[in-house]
Amino acid sequence: MSVAPAGPSARPELAGLTAYSSVTPGPVPVRVRASSNEAPGGLTGPVLDAALAAVSGATRYPLIGGADLSAALAASLGVPDAAVAVADGALPLLDRLLLAYLRPGDEVVMAWRSYEAYPLSVQVAGGRSVQVPLTDSGAHDLAAMAAAIGPSTRVAIVCNPNNPTGTVVPWSALSDFLDAVPPDVLVVLDEAYTEYDARSRPASMSVPELARRGNVVVLRTFSKAHGLAGLRAGYLVSSAEVAGAVRSVLPPFPVSSVAVAAALASLAHPSVLAARVAATREERARVTALLGARGVVVPDSEANFVWLPLGDRASELADLCRARGLLVRPFAGEGVRITVGDPDLRAVLAEVLTAWE
Ligand SMILES: Cc1ncc(COP(=O)(O)O)c(C=O)c1O
């Protein structure tokens, strides 16, 4: 067999790019999938009906720029249409934002550990990640993040609630941070899990007020509380200028017609979302209590997952979980993140903890 000639090389800054990890099932059938912070169960009711109805119309292109979804979001959030950009998820929007704003070597300040995709997205866009350690309680150290912003910083990311620790930043501390950041630095507030956050939001931190600041980007998704991870839809809200820059680098049809239909139905039926969120919060309290009773103390979570700061024992627990059909997300040497919401989780977790003790 002849050897294929060496083809063209990809951009050198892509060398050593680590893949976005996924958790693979173990030797036994999966009983509970608690590794990707998805909503449990399947779609039902008006959201399912809308998605199914849209499939039959899928011979047609959706509206350019997801204009129907972005208009509905703008109306429900109280911002101009021009302040919104939609795409097939929050992560593709972050990628496009970085593509639009990073120059080679520009720095992106982020807490660490935080959402694992951030450093990959920064590297792909040609930037450099500056990682500021979380506090001992797993929270963002906003003062240290502000101090890490220098002349090369172009973007700062605050993940609130933080993936994987579930912690939130106090609104007053966030406000101080935003005031301290220079106006030419974009602050991405990744609110992928905001629907699970039970705190009330001060008026000064409302989406329209944040967008009015000019350098703040609120990033959200339909993948988590809305339960549409597999359909792919997300949005960002910012100034018209920033949202326009992102739209200019998005493909013309950034979100599918089926995803748009499901997302619109989810927005139109807030009781479906509210019921899912309420059930998940209750489950979170029960899982937290179960863990606490077995001596595993987790940071207070405002998301649909809990963080077990197990250090060197993280992989061991994740292996035990996998062997019993429970998929969780380990971070070797740091901890284990467990998605809550599935009512079957506690029974399997209790078995695992008994075997682990
Ligand atoms: C903090 C955070 N941001 C963004 C995303 C990506 O969401 P999407 O599915 O909308 O791309 C995730 C998904 O896990 C996440 O945890």
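Quantities reported herein were computed from a predicted structural model and do not represent experimental measurements. One-based numbering along the sequence shown. Order of appearance sets the numbers: ligands from 1, and atoms from 1 within every ligand.
- The distance criterion of under 3.5 Å between nitrogen or oxygen atoms is not met by S36 with respect to ligand 1.
- With ligand atoms numbered from 1 in the order given, ligand 1 contributes 1 (C) to contacts under 4.0 Å with heavy atoms of C159.
- With a 4.0 Å cut-off on non-hydrogen atoms, A90 touches ligand 1 through its backbone as well as its side chain.
- By the 3.5 Å distance cut-off applied to N or O atoms, N37 is not counted among the residues near ligand 1.
- In D190, the part holding a heavy atom less than 4.0 Å from any atom of ligand 1 is the side chain.
- Nearest protein heavy-atom neighbour of atom 6 (C) of ligand 1: Y115 OH, 3.5 Å.
- Electrostatic pairing of R213 and D179 counts as a salt bridge here, judged by a charged N lying under 4.0 Å from a carboxylate O.
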Inset, instruction - Give the C-alpha distance, both sets of side-chain angles, the deciding distance and a yes or no for side chain to side chain contact (heavy atoms under 4.5 Å, CB included) between V181 and I149. - result: CA-CA 8 Å; V181 173; I149 292 174; 3.8 Å; yes

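- Contacts between Y193 and ligand 1 below 4.0 angstrom, taking non-hydrogen atoms only, involve the side chain exclusively.
- Counting the atoms of ligand 1 from 1 in the order shown, those under 4.0 Å from a heavy atom of S223 are 8 (P), 9 (O), 10 (O).
- For A229, the heavy-atom gap to ligand 1 stays at 4.0 angstrom or more.
- Ion pair E334/R113 flagged as a salt bridge, since at least one NZ, NE, NH1 or NH2 atom sits closer than 4.0 Å to an Asp/Glu carboxylate oxygen.
- Placement of Y61 and I64 within a single hydrophobic cluster is found when ILVMFWY residues are connected by side-chain heavy-atom separations under 4.5 Å, directly or transitively.
- Salt bridge status for R337 with E116: absent, with no side-chain N to carboxylate O gap under 4.0 Å.
- A salt bridge links E282 and R286; the closest N-O separation between the charged side-chain nitrogens and carboxylate oxygens is under 4.0 Å.
- A cation-pi arrangement is found for R313 relative to W356, the charged atom lying closer than 6.0 Å to the ring centre and inside a 45° cone about the ring normal.
- Considering backbone and side-chain atoms alike, R232 places an N or O below 3.5 Å from some N or O of ligand 1.
- For a threshold of 3.5 Å applied to N or O pairs, the pair formed by G234 and ligand 1 contains no separation below that value.
- In terms of N/O distances under 3.5 Å, ligand 1 is approached by N163.
- Salt bridge E195/K224: absent, no basic N to carboxylate O contact under 4.0 Å.
- Here's the thing with A192: none of its N/O atoms is less than 3.5 angstrom from an N/O atom of ligand 1.
- For the residue pair R232 / S223, a side-chain donor-acceptor distance below 3.5 Å is found, with atom types taken as modelled.
- The single protein non-hydrogen atom nearest to atom 13 (C) of ligand 1 is K224 NZ, 3.2 Å, given as residue, atom name and distance.
- Hydrophobic cluster membership is shared by L236 and L98, with clusters built from Ile, Leu, Val, Met, Phe, Trp and Tyr side chains linked at under 4.5 angstrom.
- Remark: ligand 1 atoms within the under-4.0 Å shell around heavy atoms of G89 are 10 (O), 11 (O).
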